[in-house]
Amino acid sequence: MISKSIAVNNDGHLTIGGADCVDLAERYGTPLYVFDENLIRSTIAEFRESIKKHYGGNGRVLYASKAFSCKEMYRICRSEGIGADVVSAGEIYTAVSAGFDPSLLVFHGNNKAYDELLYAVKVGVGRIVVDNFSELKNLESIAESLGKEVNIILRIKPGIDVHTHDYIKTGQIDCKFGFALENGEAMNAALECLEHKGVNLKGFHCHIGSQIFTTEPFCDAAKIMIQFAADFRDKSGVTVTEIDLGGGFGVKYVESDDQQPFDSFMATAADALKAECDRLHFPISFVYIEPGRSIVGPAGITLYKVGAIKHIENVRTFVSVDGGMSDNPRYALYNAEYTIEIANKATEPKSFVATVAGKCCESGDLLQEHVKIQQPDVGDTLAVLTTGAYCYSMASNYNRIPRAAVVFVKDKESRVVINRETYEDIIKNDV
Ligand SMILES: *Cc1c(COP(=O)(O)O)cnc(C)c1O
């Protein structure tokens with residue numbers, strides 16, 4: 001199977017974390033997001049141990065919580081002893097509400113509002129990743145007004161063009177995030193940080209993209225970041241102590257995705273980083289990594305009920321389900337690939353070619369086209385696999401469809417961690 005969490009039981013039903021998907025759909029209703037908590041925890045542990053192995057105590061895993069953010073997820077991160085990335089005051093608020101230590105939060109974003117920065121500094125967010133010059137000015141004024149020092153990391157575009165979808169590439173110059181290296185912008189920004197009172201430049205950050213399957217871009221990024229930190233030292237006399245290498249580790253959505261052991265990324269990047277530190281006589285920095293998709297993606301699935309089946313002779317067969325782009329916009333956004341199973345027929349051959357469509361009023365509301373599934377019938381429970389990342393977090397109320405519930409399975413026991421929205425919820429802000 002595509003993920004360690006998924007198996008088939010004696011009834012021929014798909015299971016996640018040992019729980020029967022058909023039972024889960026019956027008990028909680030559909031559409032339904034289901035996560036295997038044990039896989040989330042073991043993946044976090046894998047990254048944590050990997051960082052320990054390659055950098056000793058001198059590093060930290062930050063869960064990129066935009067992949068899937070809710071109170072229970074921050075509780076899990078807390079209990080696993082890792083930090084988290086946040087990209088809005090809403091995510092900070094969620095983390096803090098769950099009792100997460102704000103000093104372990106790192107605040108990203110290319111357009112943080114003044115009020116969001118103020119809130120972050122007030123609650124004691126550990127690091128602010130500065131993305132532009134106006135943010136620097138705002139942080140100086142916030143530091144002064146609150147009588148606090150603000151620890152920052154500067155976001156650099158290392159100029160690496162990775163082989164992934166255009167919308168999830170972030171390291172090249174033509175990108176809205178961060179300061180570019182090749183035109184001197186990053187160096188100017190770093191030097192400018194030293195001019196702002198109350199703002200402490202701790203280090204440099206890069207995030208080259210998402211769903212990356214090869215280790216070389218991470219090695220290149222590590223080298224470029226150390227080289228930049230050394231150049232900055234030579235120009236300014238200041239030696240920064242932190243390097244954040246971002247996330248982007250690829251996961252398996254379909255059989256052809258060649259998911260690598262996450263430790264192999266860590267090992268080769270650490271070797272490259274240490275060699276570069278050696279070469280430039282630069283002290284080995286405190287290293288952050290920011291996995292998002294890799295922690296939650298393979299641990300989650302979405303369950304639907306099959307409704308209308310429309311066969312169009314010599315064209316295609318639409319198999320419509322009771323969710324769609326409202327709970328998973330990723331196919332509509334960037335043709336994301338998925339593996340799909342009919343949970344109540346998991347042992348049957350996948351001999352049927354379907355276009356799985358959602359129920360939204362939008363022709364582009366598809367979950368997958370020309371995908372092989374088991375012979376579908378009305379009432380079947382259909383499972384889209386590897387939906388743990390960027391699905392619930394990207395869900396919307398398009399067509400006033402209530403957001404689906406999220407259930408965690410741990411040791412075969414299931415529990416709701418996010419309630420299904422009600423129609424009351426849908427109108428609660430209407431006046
Ligand atoms: C999105 C993002 C991540 C996580 O990326 P994944 O591909 O989900 O691992 C990490 N860091 C930053 C700054 C991001 O924007």
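These numbers come from the heavy atoms of this one structure, side chains and all, not from hydrogens, waters or symmetry mates. When a ligand or atom number is given, it counts from 1 through the structure's own listing order.
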Which atoms of ligand 1 have any heavy atom of [X] under 4.0 Å away?
X    : answer
A64  : 3 (C), 4 (C), 10 (C)
S210 : 6 (P), 7 (O)
R155 : 13 (C)
G247 : 9 (O), 10 (C)
E290 : 3 (C), 4 (C), 9 (O), 10 (C), 11 (N), 12 (C), 13 (C)
Y390 : 1 (C), 4 (C), 5 (O), 6 (P), 8 (O)

**Report entry** Within residues 275-287 or reaching into it, pairs that qualify as side-chain hydrogen bond (donor to acceptor under 3.5 Å, both in side chains) - sequence neighbours excluded
**Finding:**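 For residues 275-287, and leaving out neighbouring residues, the side-chain hydrogen bond (donor to acceptor under 3.5 Å, both in side chains) pairs sorted by first residue read Q227-R279, E276-R279.
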**Report entry** Short N or O distance, G292 and ligand 1, threshold 3.5 Å exclusive
**Finding:** yes
**Report entry** Charged N-O contact under 4.0 Å between E341 and K350
**Finding:**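 A salt bridge links E341 with K350.
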**Report entry** Closest candidate by heavy atom, reference atom 9 (O) of ligand 1, pool G248, G297, A389
**Finding:**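 Ranked by closest heavy atom to atom 9 (O) of ligand 1, first place is G248.
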Query raised in the report: If hydrogens are left out, which of H108, K66, R293, H205 has an atom nearest to atom 15 (O) of ligand 1, that is, the closest non-hydrogen atom?
Result: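 Comparing heavy atoms across H108, K66, R293, H205, the nearest one to atom 15 (O) of ligand 1 lies in K66.
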Query raised in the report: Checking ring-ring contact (aromatic ring centres under 6.0 Å, His included) for the pair F35/F68: CA distance, chi angles, key distance, verdict?
Result: CA-CA 11 Å; F35 287 77; F68 172 66; 4.4 Å; yes
Query - Side chain, backbone, both or neither: the part of V87 lying under 4.0 Å from ligand 1 by heavy atom - result: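 Contact part for V87 vs ligand 1: neither.
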Query raised in the report: Which pair of heavy atoms, one from V251 and one from Q259, lies closest together, and at what distance?
Result: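 The answer is CA-OE1, 3.4 Å.
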Query raised in the report: Using the ring of each side chain (for Trp, its six-membered ring), is F218 parallel, tilted or perpendicular to F249, with breaks at 30° and 60°?
Result: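 Parallel, since the angle between the ring planes stays under 30°.
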Query raised in the report: Does K274 reach the side chain of I284, with side-chain heavy atoms less than 4.5 Å apart?
Result: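 In contact.
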**Report entry** Residues that L146 engages under side chain to side chain contact (heavy atoms under 4.5 Å, CB included), provided they are two or more places apart
**Finding:** L118, V121, K122, I142, K148
